[in-house]
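Here's the structure, in structure tokens; my notes come after.
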Amino acid sequence: QLIDTIRGLDMQEVRRTLAERARTRTEPTRAAEVSVQELAEALQRSALVLDVRTPLEYSSGHVPGAVLMPLHTLARGAENLPKDARIYLICKVGDRSRQGCELLSGLGYAAINVAGGMEAWKAAGLACETGS
């Protein structure tokens, strides 16, 4: 039966279908990204910054005004975020915040990753707040 089914396939149609899928397949979009200097400038315009690290990491030093929202809580906490604002995400070096950006972007938010994270922020000599 399998051989009869295969013989009955219209191979031109199969090739057209595969070509169409290949043509319309899109690569995953890379999260928008800014430098720590660009974030510092955005902060002067009251940018919303989410720190997706752990509470301990956050309390040891964070961007002034950043809101703690650990990565594992981001999907649940997203419902409280403004849909019409650019949301900057930061972590230690940029990996967790990139994951957070992908999640938020998929939910329709304008999420922007901070390249280099808090390591780059501190290396640039930018101000940090400590505590909760």
Side-chain angles (χ1 to χ4, degrees):
Q1 286 179 333
L2 178 61
I3 292 172
D4 288 338
T5 302
I6 292 171
R7 284 184 182 145
L9 287 176
D10 180 349
M11 290 310 293
Q12 288 181 334
E13 181 62 29
V14 170
R15 286 187 193 98
R16 274 193 298 273
T17 301
L18 291 174
E20 178 66 20
R21 285 184 188 166
R23 189 174 56 76
T24 60
R25 183 181 311 140
T26 58
E27 294 298 318
T29 56
R30 187 169 172 88
E33 198 167 74
V34 296
S35 68
V36 293
Q37 290 81 9
E38 290 169 306
L39 176 60
E41 292 171 12
L43 283 171
Q44 294 174 4
R45 298 183 302 276
S46 302
L48 173 57
V49 181
L50 298 181
D51 192 316
V52 297
R53 298 176 298 157
T54 66
L56 184 60
E57 290 174 301
Y58 177 84
S59 66
S60 71
H62 55 270
V63 170
V67 175
L68 174 64
M69 192 175 290
L71 184 60
H72 72 277
T73 68
L74 193 57
R76 185 180 38 200
E79 63 191 33
N80 299 316
L81 298 173
K83 284 272 192 175
D84 60 346
R86 297 178 82 182
I87 303 170
Y88 297 85
L89 279 75
I90 193 165
C91 65
K92 182 177 180 181
V93 295
D95 293 331
R96 285 177 282 179
S97 54
R98 187 174 300 110
Q99 291 174 36
C101 283
E102 290 170 4
L103 183 140
L104 289 180
S105 294
L107 295 173
Y109 293 90
I112 302 159
N113 187 46
V114 179
M118 284 304 299
E119 293 291 319
W121 183 269
K122 291 175 184 177
L126 296 165
C128 289
E129 291 180 345
T130 57
S132 304

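Inter-residue side-chain proximity for V114 and S97 is flagged as unmet; no heavy-atom pair is nearer than 4.5 Å. Put simply, the side chain of L43 reaches to within 4.5 Å of the side chain of V49, judged on heavy atoms.
Annotation: the span from I112 atom CD1 to L48 atom CG amounts to 10.0 Å, rounded to 0.5 Å.
Considering only residues two or more places apart in sequence or on other chains, R86 meets the side chain to side chain donor-acceptor pair (under 3.5 Å) condition with none of them. With sequence neighbours left out, the side chain to side chain donor-acceptor pair (under 3.5 Å) criterion links E57 to T54, R96. Residues passing the side chain to side chain donor-acceptor pair (under 3.5 Å) test with E41, sequence neighbours excluded: none.
V34 and V63 fall within a single hydrophobic cluster, where Ile, Leu, Val, Met, Phe, Trp and Tyr side chains are chained together by heavy-atom contacts under 4.5 Å. V52 and L68 fall into different hydrophobic clusters, where Ile, Leu, Val, Met, Phe, Trp and Tyr residues are linked whenever their side-chain heavy atoms come under 4.5 Å apart, directly or through other members. M69 and I90 sit in two unconnected hydrophobic clusters of ILVMFWY residues. Membership requires side-chain heavy atoms under 4.5 Å apart, directly or through other members. Hydrophobic clustering, with ILVMFWY side chains joined whenever heavy atoms are under 4.5 angstrom apart, keeps L39 apart from L50.
Put simply, the side chain of E102 never gets that close to the backbone of Q99: no donor and acceptor are under 3.5 Å apart.
Contact record, E33 with N113: OE2-ND2, 2.9 Å, taken as the closest heavy-atom pair.
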Could you pull out all donor-acceptor pairs under 3.5 Å where a side-chain atom in residues 72-85 meets a protein atom, sequence neighbours excluded?
from : atom 1 : to   : atom 2 : distance (Å)
T73  : OG1    : P70  : O      : 2.7
K83  : NZ     : L107 : O      : 2.4

Show me the side-chain donor-acceptor pairs of residues 125-132 shorter than 3.5 Å, one per line, residues at least two apart or across chains.
from : atom 1 : to  : atom 2 : distance (Å)
E129 : OE1    : H62 : NE2    : 3.3
E129 : OE1    : G65 : N      : 3.3

Step-by-step side-chain contact (heavy atoms from CB on, under 4.5 Å) determination, V36 to M118: CA-CA 8 Å; V36 293; M118 284 304 299; over 6 Å; no
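Annotation: ring-ring contact (aromatic ring centres under 6.0 Å, His included) contacts involving residues 110-132, sequence neighbours excluded, are absent.
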